[in-house]
Amino acid sequence: MTPSLADPYGDEPTPLAQAAEHMLLARQGARLRPALARPEATRVLVVANQKGGVGKTTSTVNVAAALAQFGQRVLVIDLDPQGNASTALAVEHHRGTASSYDLLVDGAQLADVVTPCPDVERLEVVPATIDLAGAEIELVSVVAREQRLHKVLKADPRISSESVATAGEDRYDYVLIDCPPSLGLLTINALVAGQELLIPIQAEYYALEGLGQLLATVDMVRAHLNPELAISAILITMYDARTRLAAGVADEVRAHFGDQVLKTFIPRSVRVSEAPSYSQTVMTYDPGSPGAMSYLDAARELAEKGLRPQEGQA
Ligand code: ADP
Ligand code: MG
């Protein structure tokens with residue numbers, strides 16, 4: 001056989017070599033992946049659902065990392081006193097670290113509290129410390145307490161309704177806000193600051209219970225504080241394809257929300273749940289795993305999903 005450029009030694013790869021190549025591709029995928037077009041303006045996405053354990057934090061960090069791997073500039077704001085997103089993104093969040101608490105309560109500016117995620121290029125983080133647990137109460141007596149985060153984001157030049165050409169290369173493309181499992185002032189601050197809502201829903205029996213409360217809160221915020229807010233995507237998480245229950249829940253969610261439901265479901269996967277204990281997202285912990293691949297698909301869908309015309313952020 002004549003050696004060719006593609007096959008210089010004139011032999012077919014063995015199955016083992018093929019497998020190795022596959023692994024390598026999976027691991028290097030981020031670099032080989034074509035970048036997605038950057039949005040016209042910064043998109044601020046609020047990841048909320050007042051139920052705990054539905055995949056808010058997991059979806060925030062993995063969608064954020066996936067978007068960054070697609071060439072987007074991404075900021076994650078951890079707004080949960082538990083600081084799980086900060087852990088997964090390997091940023092310091094012990095008491096005293098500059099954090100989202102300083103933004104909301106102490107009047108700090110965004111640039112004072114942002115720190116890069118060490119493992120993912122183009123991804124930055126505002127960590128959450130346990131101090132934030134007190135913010136819910138401390139904010140009650142503060143003027144315009146629902147608009148604290150909105151004001152901070154509005155004041156930052158890197159969050160902009162201008163294109164990259166005007167605003168500069170380092171303009172953020174996406175800001176993802178990870179909310180705590182409640183509908184208190186922290187979540188309200190996020191809903192007032194954002195334009196889009198991403199609701200993760202766990203594919204389990206009580207999935208839709210309590211969602212009415214979230215939607216009522218969204219209506220209230222829209223009516224009084226942020227008319228721009230739109231439910232932009234529903235993401236079904238921890239989907240177990242082996243169960244009929246999961247398929248039933250997915251159908252029910254689609255019946256309610258139609259096209260707002262992303263086509264990509266996130267499968268239940270041990271790799272996804274292991275990643276945070278190594279201070280990683282699954283995107284870096286096991287980039288070839290089905291969980292990572294699904295988060296890539298979900299991120300692409302979100303990026304391509306009808307960008308609403310973003311005429312001047314209110
Ligand atoms: P929330 O932020 O809504 O409270 P988390 O993202 O922290 O939810 O997820 C709750 C738990 O479920 C965590 O232990 C997380 O590791 C696990 N988990 C999330 N998504 C998956 C998944 N796709 N497969 C397996 N475990 C998951
Ligand atoms: Mg969480």
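Read the numbers this way: they start at 1 and go in the same order the structure lists the ligands and their atoms.
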- Task: Tell me whether the guanidinium CZ or amine NZ of Arg158 lies under 6.0 angstrom from the six-membered ring centre of Tyr172 and within 45° of its axis.
- Result: yes
- Pocket residues of ligand 1, ordered first by chain and then by residue number (heavy-atom cut-off under 4.0 Å): Gly52, Gly53, Val54, Gly55, Lys56, Thr57, Thr58, Met238, Ile266, Pro267, Arg268, Ser269, Val272, Ser273
- Stepwise side chain to side chain contact (heavy atoms under 4.5 Å, CB included) test for Leu149 and Ile177: CA-CA 10 Å; Leu149 187 63; Ile177 308 176; 3.9 Å; yes
- Could you label the plane-to-plane angle of the Phe265 and Tyr239 rings as parallel, tilted or perpendicular, counting under 30° as parallel and over 60° as perpendicular? tilted
- Can you tell me if an N/O/S atom from Thr60 lies under 2.8 Å from the Mg ion (ligand 2)? no
- Message: One pair to check against salt bridge (charged side-chain N to carboxylate O under 4.0 Å, His left out): Asp173 and Arg73. What are the steps and the verdict?
- Response: CA-CA 5 Å; Asp173 299 311; Arg73 287 198 185 272; 5.8 Å; no
- Rounded to the nearest 0.5 angstrom, the OH-CG distance for Tyr101 and Asp106 is 5.5 Å
- Message: Tell me whether the count of non-hydrogen atoms from other residues, nucleotides or ligands lying under 6.0 Å of NE2 in His256 goes above 12.
- Response: no
